[in-house]
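Each remark here refers to the structure printed beneath this line.
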Number of protein chains: 2
Amino acid sequence: MVRGRGHGRGAWWQDRFHDIGARVTAPREVVIDILHETNDHVSAADVYVKAHEINPSIGLTTVYRTLDMLTQMGIVQKFDVGDGKARYELVNNPDGKKHHHHLICLGCKAIIDYSEFLDDELEYIGKTQNRLSKKYNFTITDHAISFYGFCERCRSG
Amino acid sequence: MVRGRGHGRGAWWQDRFHDIGARVTAPREVVIDILHETNDHVSAADVYVKAHEINPSIGLTTVYRTLDMLTQMGIVQKFDVGDGKARYELVNNPDGKKHHHHLICLGCKAIIDYSEFLDDELEYIGKTQNRLSKKYNFTITDHAISFYGFCERCRSG
DNA sequence: CAATAAATGAAAATGGTTTTCATTATTAAA
DNA sequence: TTTAATAATGAAAACCATTTTCATTTATTG
Ligand SMILES: [Mn+2]
Ligand SMILES: [Mn+2]
Ligand SMILES: [Zn+2]
Ligand SMILES: [Zn+2]
């Protein structure tokens with residue numbers, strides 16, 4: 001781990017960028033700031049709208065490219081709710097959310113984070129992961145648990 | 001063509017169709033046959049190609065519509081691997097697969113079914129589902145567990 | 001068979017995402 | 001600081017899975 005570079009707030013991701021030979025640019029900084037400021041599961045278009053408010057010269061293409069790159073780096077988690085557009089959220093970094101999973105409403109597509117009961121999860125996932133990777137000769141690097149159903153508002157309709 | 005309700009091979013889905021007032025048509029029969037014959041996680045285009053071989057007059061639109069309808073009815077499970085096209089598989093019916101989850105290769109997008117260790121899963125999921133639905137006032141109807149990683153072939157490259 | 005409405009297929013539209021390419025900006029070297 | 005190399009950018013176009021439209025066909029019921 002390279003140290004002595006990231007001083008000051010918000011420098012951690014710049015270190016990560018330097019480590020892989022990627023440049024620190026204004027559009028990238030804006031995108032990451034936006035991800036920091038929201039607690040939501042945002043689409044590329046969501047990010048683009050906010051980025052455009054901050055700096056109208058930032059294009060949608062760059063938003064996509066930055067989100068892809070951050071996903072590749074493991075800084076951002078990309079996932080799908082079933083409405084045709086990918087969602088993104090900061091995860092597993094100093095300023096982002098910790099390991100968690102989702103409740104997804106099939107009605108309004110709302111996403112609820114949950115990170116309770118992680119000890120039970122650790123036990124179950126750990127054991128299962130071990131057995132599966134052995135049995136199927138498969139290197140497991142990540143997992144996702146999603147519960148589907150209906151939120152309070154959508155339960156009536 | 002017309003069979004008595006609940007009698008004969010392949011009639012189970014026709015009953016389900018009748019029950020919701022949907023008609024039993026040739027294209028729908030072809031699509032369901034194709035889903036039966038494969039053990040794969042197929043895309044709409046995959047199904048279309050096979051359907052077209054059997055009956056060239058069947059259109060892609062109808063394949064989409066049938067897959068949607070079957071998903072709606074819970075006969076088919078639709079899900080996303082991250083390559084931009086939805087996948088479908090028969091599930092939870094007399095001729096389909098039983099409850100299971102997936103190992104997804106981030107390299108080649110291969111999907112491995114697993115249904116082992118269901119007793120451990122039942123315990124963990126059941127407990128967690130109970131606690132979550134109470135805490136978030138959320139009616140849970142389904143869940144998905146996915147492990148991501150790399151299959152044997154993709155581990156080298 | 002006739003009446004009726006559901007289902008179908010071809011073509012066009014949609015919409016999220018990716019590609020292309022000329023221009024700009026970052027970075028390390030001089 | 002200037003410069004050279006090249007990574008990054010944005011606008012527009014392309015892409016492509018999925019959906020919509022609509023005229024036609026077909027399953028179903030009596
Ligand atoms: Mn989340
Ligand atoms: Mn499966
Ligand atoms: Zn809802
Ligand atoms: Zn693979």
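Fair warning: this is a prediction, and the values are worked out from it, not measured in the lab. Numbers restart at 1 for each chain; the letters A, B, ... are given by sequence-line order, proteins then strands.
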Measure from [atom1] on [X] to [atom2] on [N] and round the result to the nearest Å.
X	N	atom1	atom2	answer
A:L60	D:dA11	CG	P	10 Å
B:I58	D:dT24	CD1	C1'	17 Å
B:H52	C:dA10	NE2	C1'	11 Å
A:F17	D:dA7	CZ	C1'	13 Å
B:R28	C:dA6	CZ	P	11 Å
A:M69	C:dT18	CE	P	14 Å
A:I20	D:dT6	CD1	C1'	16 Å
B:I32	C:dA7	CD1	C1'	14 Å

Would you mind checking if B:R131 and A:E116 are paired as a salt bridge, meaning a charged N to carboxylate O distance below 4.0 Å?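 No, A:E116 and B:R131 are not salt-bridged.
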
Side-chain (A:R16) to main-chain (A:L70) donor-acceptor, under 3.5 angstrom: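 Answer holds: no.
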
For B:R28 and B:R23, indicate whether the former's side chain and the latter's backbone hold a donor-acceptor pair under 3.5 Å.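 Between the backbone of B:R23 and the side chain of B:R28 there is a qualifying donor-acceptor contact (under 3.5 Å).
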
Under a single-linkage definition using a 4.5 Å side-chain heavy-atom cutoff for Ile, Leu, Val, Met, Phe, Trp and Tyr, are B:I111 and B:Y148 assigned to the same hydrophobic cluster?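 Looking at the clustering, B:Y148 is in the same group as B:I111.
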
According to a hydrophobic-cluster definition based on side-chain heavy atoms being under 4.5 Å apart (Ile, Leu, Val, Met, Phe, Trp, Tyr only), do B:M69 and B:V63 belong together?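 Yes, same cluster.
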
Output one line per pair: protein atom, nucleotide atom from nucleotides 28-30 of chain C, and distance, for all N/O pairs under 3.5 Å.
none

How are the rings of B:H36 and B:W12 set to each other: parallel, tilted or perpendicular (split at 30° and 60°)?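 Ring orientation of B:H36 relative to B:W12: perpendicular.
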
Of the candidate nucleotides D:dT9, D:dT26, C:dT18, which contains the atom at the shortest distance from the side chain of A:D68?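 The answer is C:dT18.
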
Which nucleotide in C:dT20, D:dT19, C:dT17 has an atom nearest any side-chain atom of A:T61: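 The nucleotide sitting nearest to the side chain is C:dT20.
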
Using a cut-off of 4.0 Å on non-hydrogen atoms, how would the nucleic acid contact of [X] be classed: base, sugar-phosphate, or nothing?
X	result
B:R65	base
A:A22	sugar-phosphate
B:S57	sugar-phosphate

Is there a side-chain contact between [X] and [Y] (heavy atoms, below 4.5 Å)?
X	Y	answer
A:W13	A:N93	no
A:H101	B:H143	no
B:Q77	B:K97	no
A:I145	B:Y124	yes
A:V76	A:E89	no

Indicate whether OP1 or OP2 belonging to C:dA7 is found under 4.0 Å from a side-chain N or O atom of B:T62.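 Looking at the OP1 and OP2 atoms of C:dA7, neither is under 4.0 Å from any side-chain N or O of B:T62.
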
Nearest heavy atom decides the nucleotide; on that basis, is B:P56 or B:R23 closer to the 5' end of DNA chain C?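 Upstream on the strand: B:R23.
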
Could you pull out the protein-nucleic contacts involving nucleotides 13-16 of chain C (nitrogen or oxygen on both sides, under 3.5 Å)?
unit_1, atom_1, unit_2, atom_2, d
C:dG16, O3', A:G84, O, 3.4

Can you tell which of A:L60, A:N55, A:I54 makes a side-chain contact (heavy atoms from CB on, under 4.5 Å) with A:I58?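 Considering A:L60, A:N55, A:I54, a side-chain contact (heavy atoms from CB on, under 4.5 Å) with A:I58 is found only for A:N55.
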
Using five pairs at either end of the helix from C:dC1-D:dG30 to C:dA30-D:dT1, determine the angle between the two local helix axes and round it to 10 degrees.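 End-to-end axis angle: 40°.
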
